[in-house]
Every structure is written in structure tokens, then in C-alpha cells.
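In this text, all values refer to a predicted model and were calculated from it rather than measured experimentally. What you see below is based on every heavy atom in this structure, not just the backbone, and it leaves out hydrogens, waters and symmetry mates. Residues: numbered from 1 along the sequence shown. Note that ligands are numbered from 1 as they come in the structure, with each ligand's atoms numbered from 1 the same way.
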Amino acid sequence: MTFDFDTVIDRASTDSRKWRKFAGQDIIPLWIADMDFAVAPAITAALHRRVDQGIFGYGMPLPPLTQAVVDYCATHYGWEIDPAWLVWLPGLVTGLNVAAGAFGEPGDAVLTCTPVYPPFMSAPRNMGRETVKVPLARHGPRYEFDWAALAAAVTPRTRLFFLCSPHNPVGRVFARAELEQVAAFCEKHNLVLVSDDIHCDLILDDTRHIPVAGLSPAIAGRTITLMAPSKTYNMPGLACSFAIIPNARLRTTFTRAMSGIVPEMNVLGLAACEAALRDSEPWRQALLAYLRGNRDLIASFSAQHLPGVTMLPCAATYLAWLDVSAQQLANPGEFFEAGGVGLSDGTQFGAAPGQFVRLNFGCPRATLAEALNRMKRALVAR
Ligand SMILES: Cc1ncc(COP(=O)(O)O)c(C=O)c1O
């Protein structure tokens, strides 16, 4: 079966947050992380079946869905999980916030490595915790953990480590040895590890995702893994995700912190999740091939036509991290917006001003090509 990622679907007239941001303006929105593609046919079919029932009372994940998650983890990551470890969540930002508040006391600290997805920095603050940001070390185009800086940042009040794996926005897929170092670090400093693996089925390079909790029983015992079909299968509006928490004590602390605050699961999200994980692998493979083409287009176009813009290697996600520092722009996000392309400015991820923009390439190639041409025109006209 072939899948169509080329057709441009009008989203400007819909409820899309991505497109509404620039309503009435000629700006191509390549910011927030959802894709301008229709979901896999199996997901649409499952939603039709569920809608046709016409009743939308309180729901719960049933064994076929739980089994789909268990099978998916075994097939895709070689990770054997127990259905009892699953905690369903309407969103992973919820999971980050719940985790930040569940462990330790107000005033305790959460470590994370920047640049990073903004809620990694805001969730601890929302919960009265301190966010301790340790920059990833950049060696040429490659970002790595800065172990000396991380060790120096730990205090007796550090409780949690927030890991983004694969990493948004720098696009790294961490190697086994690096994840083993993360595990050893958390064990040494007695930290609970929250590993947000939401992008783990969007690995574009020829590697397999390694859930850090799958490395050893010791690290499994202190890890909360956050996963969702929402990025890969393009369904964040259906609000369905889950935490995998092998340690019963951690799980109880986490679910207590959710109690009365986190809402019931959306029944349409549950139906879509099952279809995504069980029946949509051919669509995902086709998507990955398409995204690789988009990624490669940005790499070649920027090298040839975007002076002072360097695309850093993007091994996963559909988010390109572009180093624009050579252009010496005061606010690169605003600059490209004025040129008709809505990107995310790097400062949102904790980068210094004027250094980076993030470009969401989860869109038809024609849209991407037009956006790149607009960026070129904006730079040439400077
Ligand atoms: C690393 C990461 N975690 C979480 C999310 C959002 O999760 P949710 O929509 O389930 O709250 C995103 C969205 O871009 C993300 O990049």
C-alpha cells in the first residue's frame, strides 16, 4: 500500500493551533510539533468505528490496547514490559509536571540538559521545584552530555533527572554507552530518572531506540518512561499517552500525585492509540522515508542557499535545529517570520539569543520547499 504525504491539506481553516497562530498572514507555520499529514488509514478507520457507536461515556484502556503496548515495546525496542507498569496519561507534559511534583519537597531540584523542549524547564517551576539547566556540550555539530558539569550541578536537594531521548530539539539519538552513563549517574546520585521517549519511533538513522529503563533492573527501578503515539502517528489532539513505571513504589507515588487532577482518558484517543501501535507500521515506515527526504532537502538546500545557516545532524524527530549564529540576527524567529516562515526561536529551548531556530519539517515537500525559498529570499535581502 502506498501512502500520500505530498497532498497539501488545508489546515488554516481548521482548529489547528499551528496554523491559527498566523491566521490571515502569509506565514508558513513550521513551529509547534505536529505534522501536516493525515493519520494512518487504520487510525481513521478505528475512530470511525468508535464514533459510530455514538456513546462517549467514561472509558478505560482494555486488554487489547494494553497488549498492543506490550507487543510494541517488545517488537520495536526488545523491551519486555509488564502491563501492570502502565499508567495512562492525557499528555506527556502532564507526565513531566506530575513527576516534578510527585518526588521530593518544594525547593528541591530537577536536572535537565539544555537546549530542551520548554516544559522540561517549566514543569519543575510549576511544581515549586528548581530547574537546574546543564547545557549539553557541543563538539562541532554534535551535542553530548557534559558529565563534569552535571556532577558539579548535583546538590543534596537534587531529586530528578529529566532526559529527552531522542532529544528535542538537537535531534540526537543517544548511544547505548551514553544511556548507560545516564543510568550510572542517576544511581550514583540517587535520582529518579524521567525519560521522555515521545520521539523514539521517529528515528531517521539506521539505529534502534534503546529505552534507558531496559538497560538493567537497577535503572528500571528508578525510571519513569514517558511514551505516546502522538508525535509519530500525528495525533496529539487526541490526548493519549502513557508512563511505564516498573517500580511499584514509584508508580504509587506518581499515581497519587495524579489523583483528582489528571482527567479520565479520552475514549477516542484510546481507540486511535490501539490502531496506531497495532496496525500502522507500514504507514510509519513510509512516513520515515518521507521525513528522511525532507531532512535531506533541508541539509542540501541550507548548505547551498542559506548563507550563515548550518543544519545540525538530525538523527531523529521531524525537527531541524538550525545554527544561524553566523547571521548575527538579534531575533532569528522574528526575522524569518517577517520573511514568511514561522519557526521556533532557539531561546524557547534555553539557547542564547540569536543562535538557533527550530524548523518542523513534518509537512508536504512542496510546503517545505516554499518555506526554504522564503528563508533564502529573506537572507539574500538582508
Ligand atoms: C519531548 C517532548 N515531550 C512532550 C511533548 C508533548 O507531549 P504532549 O502533547 O503529550 O503533552 C513534546 C511535543 O513536542 C515533546 O517534544
Side-chain angles (χ1 to χ4, degrees), residues 15-18 21 29-36 39 69 86-100 110 112-124 126-127 131 133 136 143 160-174 182 193-204 209 211-212 224-244 258 261-263 265-266 268-270 272-273 276-277 291 314-321 342-346 348-351 356 358-363:
D15 56 9
S16 162
R17 218 172 116 193
K18 185 182 188 182
K21 178 172 181 193
L30 303 181
W31 63 289
I32 196 170
D34 70 27
M35 300 186 281
D36 295 328
V39 297
V69 177
L86 288 174
V87 179
W88 290 86
L89 292 163
L92 286 198
V93 172
T94 304
L96 292 169
N97 280 270
V98 168
V110 180
T112 198
C113 297
T114 53
V116 76
Y117 178 60
F120 278 57
M121 298 177 280
S122 57
N126 292 343
M127 295 295 141
T131 308
K133 296 179 269 184
L136 290 163
Y143 283 92
L160 292 136
F161 185 105
F162 277 5
L163 171 72
C164 193
S165 171
H167 191 95
N168 170 15
V170 309
R172 279 274 342 260
V173 174
F174 297 114
V182 171
L193 174 62
V194 178
S195 184
D196 180 336
D197 296 16
I198 196 168
H199 295 283
C200 70
D201 302 314
L202 289 166
I203 295 185
L204 304 175
H209 176 60
V212 69
I224 295 169
T225 305
L226 301 175
M227 288 184 167
S230 51
K231 294 291 141 186
T232 309
Y233 298 96
N234 207 28
M235 40 177 273
L238 287 170
C240 183
S241 50
F242 47 88
I244 304 176
M258 289 168 60
I261 298 172
V262 177
M265 293 302 291
N266 178 308
L268 296 180
L270 296 176
C273 181
L277 300 186
L291 291 177
C314 180
T317 78
Y318 47 79
L319 307 163
W321 190 234
L343 305 173
S344 306
D345 192 83
Q348 295 171 24
F349 306 89
F356 290 95
R358 193 191 72 172
L359 182 156
N360 173 347
F361 58 86
C363 61

So do the side chains of L92 and S241 get within less than 4.5 Å of each other, counting heavy atoms only?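 Yes, side chains in contact.
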
pair F120-T114: side-chain heavy atoms closer than 4.5 Å: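 No; the side chains remain at least 4.5 Å from each other.
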
Hey, is the main chain of G269 close enough, under 3.5 Å, to the side chain of N266 for a donor-acceptor pair?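 Such a contact is found between N266 side chain and G269 backbone.
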
Using modelled atom types and a 3.5 Å cut-off, is there a donor and acceptor pairing between side-chain atoms of T317 and backbone atoms of H199? no

Just do the salt bridge (charged side-chain N to carboxylate O under 4.0 Å, His left out) check on D36 and K18 with the steps written out, would you? CA-CA 9 Å; D36 295 328; K18 185 182 188 182; 3.2 Å; yes

Tell me the residues surrounding ligand 1, counting only those with a heavy atom closer than 4.0 angstrom, sorted by chain and number.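 Contacting ligand 1 under 4.0 Å are A33, G91, L92, V93, Y117, C164, N168, D196, I198, H199, K231.
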
Would you call the rings of Y318 and F361 parallel, tilted or perpendicular if under 30° counts as parallel and over 60° as perpendicular?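 Aromatic pair Y318/F361 classed perpendicular.
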
